[in-house]
Amino acid sequence: MSEMWTAKLRNKWQKNLPIEKLLPDDQPAYVASWIYVFGVLTLSALAVIIFSGVILAFEGPAWYHVSHAGKFINSMHFWSVQMFFVFMVIHLWGKYWMAAWRGNRFRTWATGAIAFVASIATAFTGYLVQTNFDSQWISFEAKDGFNSMGIGAFFNVTNLGQMLLLHVAFLPLLLGVITVIHVLMVRRRGVVPPIDAEPTVSGVGR
Amino acid sequence: MSISKKEKEAFDAAPWSGATKRYDIVKEGSIAVAIVAILAIGLSLLMGSPDETPLTFKGWAVSNADNFYATAVQELAGTSGSATYGAPYNKASEGLNVGPLWLQKWAGVSHPVDTVNEFVIAPLSTQVMSTDIASALATWKAASDKQKQDWATAYDDAITKAEGKISAVPAGAYGPVPALAQGLTDMAKGGALDAALLSQGGFFQTDNTKQILFFGDGSYLDDAGTTANLQGGTWGMMNETGRYPGQAWLWLYSFWYQIPPFNNEESKPIGANADAYIMYLMGALSLGLILIPVIPGVKSLPMRIPIHRGIWRQYYAANGIKRRKK
């Protein structure tokens, strides 16, 4: 029984991430700053991005040029992306100044940083599929950088079809998976204790 | 009293056993989503979003016929930016490099672009043309490669000497090239070139590479980019059309294009290969961001600069913990 892959996975999951850790109803008392809000705000902006993006995907990339409803949904997509990056950058800086990788949390930091880079790639393809002047300009200008690295051979920024598929399928999936891993790691390891906190200091351990 | 580095790491890694407080993670997440959604809806209603109408070949040919005409001649002569680009479109140049790394050339011609036939001859061939242009097309197709090159080069040189003013170009041995360029200009003015360049004789098509490249060979796209303040040398990478915020998160990428030697194309080897150098640089910096926890100096800054004293001020005050010297 214990040799079963399924049983091994379940046991490992239950050991490292029991439901009490996944959905906690308490948290360390030191979590008392506005900086902690920006992680959940980033995830919330991502939720609005996905919601508005799914509607845009159903209607097609040119819908928002000719429809008031399309323009509104496209605007929601645009502004939620702007908020997403503002929140994520503040979250990232906050975690840097907390040295949040302490206590065996390197992978939590690394997945967050990778999510930031993946977000830039995802947003970039979004700018390429707007089917407006911006897309024309950005694709013409951006091609040189990608071509200079040989990346243009398989990532052709002037190919609308390719960019659209990457923007609505592969890159969101990639970003989603990285984000889920990042959040699970946060839940597993917990929020990093304050710098200078020690078990021997009066009051820390209780 | 101090503990060893190892004990501190173990303490930071262990589950928190100190004071806790109630925390409703589902409620917090729901409120956050509601706040962000309300903000997004409010901003959308108040501000909308950018949507500048795309440029067209018709717009180009009508607003600056001479420039379009001269660009068509460059495509025939093989002197345009696209015709001389190199990989992934053709083998006309070596492409960019960083030291011994010629990744652009090594990646090969994956998206072949034949500016003579795909930008000029094939689109013209899709139309019912006037007798003189149809005749010019037939003459061109029947001529040898050398003859074609001689005609197109002679006319391209003459236009350059006339500083792009087509009416000022003296008569010469240009063969059918002037008629072909005029035919393409007329076709663009009528609006037929946009679709012909995209379809290339097919039905379904989602690749705009040829249109975008042709656009970039003339001054129309570049002028529009300058007017919209989108040029790379003026932080255009992080600008947006209209009154909207752009990709501000690209500030560091954009930054390198503002400083020497990256912003000087004459500077060798870096300025002349700036696109490649900056890609490597940003790749390295991105890797550095991921690896901050193991980079000496950078990983210690948060301990040395006491911003954390503000973040956890309640905890430090409640427990009487003073800052330790690092």
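So you know, we letter chains A, B, ... as the sequences are listed, proteins then strands, and number each from 1. Since the structure is predicted, the reported quantities are computational estimates derived from the model, not experimental observations.
- With a threshold of 4.5 angstrom between heavy atoms, A:H65 approaches chain B through its backbone and through its side chain.
- Both the backbone and the side chain of B:P50 come within contact range of chain A, each with at least one heavy atom under 4.5 Å from a heavy atom of that chain.
- Between A:Y30 and B:W16, the distance separating the two ring centers is shorter than 6.0 angstrom.
- Contacts between B:S49 and chain A at a heavy-atom distance below 4.5 Å involve backbone atoms as well as side-chain atoms.
- Within the 4.5 angstrom heavy-atom criterion, no atom of B:Y277 approaches chain A.
- For B:W312, the part lying under 4.5 angstrom from a heavy atom of chain A is the side chain only.
- Looking at B:N273, there are no atoms closer than 4.5 Å to chain A (heavy atoms on both sides), in backbone or side chain.
- The candidate with the highest count of non-hydrogen atom pairs below 4.5 Å against chain B, out of A:G190, A:S139, A:A142, A:A99, is A:A99.
- Using modelled atom types, one finds a donor on one side chain and an acceptor on the other under 3.5 Å when comparing B:T209 with A:T158.
- In the model, A:D134 has no side-chain atom that pairs as donor or acceptor with a side-chain atom of B:Y244 under 3.5 Å.
- Contacts between B:A224 and chain A at a heavy-atom distance below 4.5 Å involve backbone atoms as well as side-chain atoms.
- A distance-only check finds no donor-acceptor pair linking the side chain of B:W249 to the backbone of A:I120 [under 3.5 Å].
- Between the A:Q27 side chain and the B:K21 main chain, no donor and acceptor come within less than 3.5 Å of each other.
- For B:Q231, the parts lying near chain A are the backbone and the side chain together; criterion is any non-hydrogen pair under 4.5 Å.
- Top candidate by heavy-atom pairs under 4.5 Å with chain A, chosen from B:P245, B:G236, B:A274, is B:P245.
- Heavy-atom contacts from other residues, nucleotides or ligands closer than 6.0 Å to CZ of A:R107 number 12 or fewer.
- Residue contact with chain B, scored on non-hydrogen atoms closer than 4.5 Å, involves the side chain of A:F78 exclusively.
- Note that the CD1 atom of B:I212 and the CD1 atom of A:I138 stand 11.0 Å from one another [nearest 0.5 Å].
- For B:K299, the parts lying under 4.5 angstrom from a heavy atom of chain A are both the backbone and the side chain.
- Judged by distance alone, with hydrogens and angles left aside, the side-chain atoms of B:K8 form no donor-acceptor pair with the main-chain N or O of A:G103 at under 3.5 Å.
- Taking each heavy atom of B:Y280 and A:M149 in turn, the nearest pair found is CE1-SD, 3.6 Å.
- Heavy atoms of A:F84 lying under 4.5 Å from chain B are absent altogether.
- Using modelled atom types, no side-chain atom of B:E28 and backbone atom of A:V37 make a donor-acceptor pair closer than 3.5 Å.
- With a threshold of 4.5 angstrom between heavy atoms, B:Q314 approaches chain A through side-chain atoms but not through N, CA, C or O.
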